[in-house]
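One structure is given here, and the rest of the page talks about it.
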There are 4 protein chains.
Amino acid sequence: MLTYTIHPRFGDSDQLGHIHHLSIPSWFEEARNPIFKWFNPDFSLSSWNLILARLEMDYVGQIRYADQEVEIRTWISHIGRASFHISQGAYVRGECVALGGVVIVYYDYENRRAVPIPEKIREIMAEHYDENAPYKMKSGQ
Amino acid sequence: MLTYTIHPRFGDSDQLGHIHHLSIPSWFEEARNPIFKWFNPDFSLSSWNLILARLEMDYVGQIRYADQEVEIRTWISHIGRASFHISQGAYVRGECVALGGVVIVYYDYENRRAVPIPEKIREIMAEHYDENAPYKMKSGQ
Amino acid sequence: MLTYTIHPRFGDSDQLGHIHHLSIPSWFEEARNPIFKWFNPDFSLSSWNLILARLEMDYVGQIRYADQEVEIRTWISHIGRASFHISQGAYVRGECVALGGVVIVYYDYENRRAVPIPEKIREIMAEHYDENAPYKMKSGQ
Amino acid sequence: MLTYTIHPRFGDSDQLGHIHHLSIPSWFEEARNPIFKWFNPDFSLSSWNLILARLEMDYVGQIRYADQEVEIRTWISHIGRASFHISQGAYVRGECVALGGVVIVYYDYENRRAVPIPEKIREIMAEHYDENAPYKMKSGQ
């Protein structure tokens with residue numbers, strides 16, 4: 001499990017007085033930066049090799065802008081041949097307020113096709129794999 | 001089916017040269033405005049009665065900023081007692097590039113609980129219901 | 001003057017119950033698409049030739065999500081050798097609620113330098129130039 | 001001077017391969033959280049007392065998503081009777097890439113008017129005031 005702290009922005013809120021539902025997957029994306037680094041150690045764009053294929057979000061509770069410390073927990077919840085699942089949760093004072101996940105494909109942009117994930121990266125992913133991650137993708141290759 | 005046209009913004013793109021995955025659910029939200037109006041004819045915030053419980057997105061193809069006309073198609077794909085599903089698709093030159101949906105709960109903010117959808121609104125929803133909508137939520141009450 | 005209509009998204013609002021200040025320059029960007037087309041008729045990224053150097057926004061009044069028709073008016077307010085100013089305003093029921101502008105540089109990305117705007121484009125800009133545009137940039141080349 | 005570190009999100013980039021111009025004022029807003037706390041110690045929405053009246057941004061250089069540590073520096077650059085200026089800069093490896101500022105009004109939302117800033121808050125602001133802040137608002141009360 002990886003953990004990361006988000007400090008909500010005023011603009012993350014909406015007129016219902018809570019955090020807007022699309023702010024949370026944006027936080028999750030920020031918390032995935034360390035995973036992107038496994039695949040792209042120098043974040044070089046010219047050799048970028050990941051593409052997002054699916055997104056799921058469950059809104060369990062409401063988050064307020066006033067909740068200035070939101071902990072994002074991140075797990076690898078599935079490791080496929082050419083794709084994998086990242087599951088994530090948002091927690092305020094230890095309580096889960098949102099869960100979700102993404103399917104990411106290891107992708108060759110030049111030839112426009114999925115390619116097998118290298119063994120070296122599979123090993124790093126295995127260290128963060130948790131079969132009991134609190135969110136499992138409901139669909140995705 | 002409802003249809004709505006989106007003209008992508010330069011900022012909807014990301015460094016991979018295509019539209020960022022979180023821009024599309026934001027477009028879908030804009031295309032849901034007419035549905036919000038069924039529930040809140042004057043968009044009055046003080047009596048707002050909807051809450052989003054779940055979001056799913058499938059990224060079928062890549063969209064470019066240069067694709068300046070993106071058609072959003074919107075269906076009611078499930079009508080429950082106190083919640084319903086909206087399915088949506090993004091189409092470029094007639095080709096589907098993204099699909100997804102949301103679970104929305106008819107919600108009493110004062111008493112913090114789901115309440116049955118009024119018959120009058122159920123009738124409007126029924127007119128836009130399509131059991132063959134191209135996306136079905138994989139989870140959700 | 002160019003005019004364009006924006007239909008605010010629920011997520012454009014913030015917890016103060018009005019439109020968040022950063023949603024408006026994003027609307028202005030969408031309304032600049034026709035101008036980008038003068039410079040890049042096919043919106044081709046590989047030959048993109050504009051860079052934004054400065055942004056100014058004056059928040060004159062509050063906008064609500066319920067104000068479902070926001071008119072964006074756009075003027076060319078300065079034409080320089082290698083840069084120009086676009087002034088824009090947001091209007092609800094004819095009343096101005098926000099004004100602002102950007103300085104845009106005609107830019108050669110390969111050689112990383114500003115270059116003179118071609119005469120043909122200057123002529124199109126001149127047709128939309130208004131020395132009495134309601135907003136003038138306070139700074140910018 | 002206050003300092004704050006931003007870790008750019010993938011979605012902060014645009015198709016030109018750099019950070020989109022509207023991501024930076026959103027970072028600046030996040031870095032203003034400590035200032036909002038001076039005015040609203042518990043971030044309570046019901047007694048919120050600030051409104052943003054003007055925004056200026058100068059894009060000095062390009063920022064990349066790969067620049068994973070962006071330092072935001074924040075100064076109070078003007079203290080008026082009922083409003084003040086916050087100046088901010090974004091720095092990558094010590095080099096300034098963007099500058100800007102906002103005019104914020106101390107605002108009574110109930111009576112819809114600006115009110116004098118309390119002496120106690122003026123004292124805190126004075127500690128962070130810098131007459132040599134690298135950005136000065138070009139306009140604003």
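In the text below, chain A, chain B and the rest are named by the order of the sequence lines, each starting its count at 1. Computation of the quantities below employed the complete heavy-atom set of this structure, encompassing side-chain atoms and omitting hydrogens, waters and symmetry-equivalent molecules.
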Contact residues of residues 33-47 of chain A (partner chain D; heavy-atom separation under 4.5 angstrom) =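 Contacts with chain D: A:Asn33, A:Phe36, A:Asp42, A:Phe43, A:Leu45.
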Heavy-atom side-chain proximity of A:Met137 to A:Arg54 below 4.5 angstrom =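 Yes. Closest side-chain heavy atoms under 4.5 Å.
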If we only count heavy atoms from C-beta on, is the A:Asp108 to A:Asn49 side-chain gap below 4.5 Å?
->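 No, every pair of side-chain atoms sits at 4.5 Å or beyond.
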Which atoms of D:Ser26 come close to chain A, meaning under 4.5 Å heavy atom to heavy atom: side chain ones, backbone ones, both, or neither?
->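 Its backbone and side chain both get close to chain A.
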Measure from NZ or CZ of D:Arg32 to the centre of the six-membered ring of A:Phe10, then state whether that distance is under 6.0 Å and the direction lies within 45° of the axis.
->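 Here D:Arg32 fails the 6.0 Å and 45° test against A:Phe10.
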For D:Ile72 and D:Ala31, work out which heavy atoms get closest and say how close.
->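 Closest approach of D:Ile72 to D:Ala31, heavy atoms only: CG2-CB, 3.6 Å.
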Knowing that exactly one of A:Gln88, A:Glu30, A:Glu71 qualifies, which makes a side chain to side chain donor-acceptor pair (under 3.5 Å) with A:Tyr4?
->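 Of A:Gln88, A:Glu30, A:Glu71, side chain to side chain donor-acceptor pair (under 3.5 Å) with A:Tyr4 is met by A:Glu30 alone.
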From D:Met57 atom CE to D:Tyr135 atom OH, the distance as rounded to the nearest 0.5 Å |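 Taking CE in D:Met57 and OH in D:Tyr135, the distance rounds to 9.0 Å.
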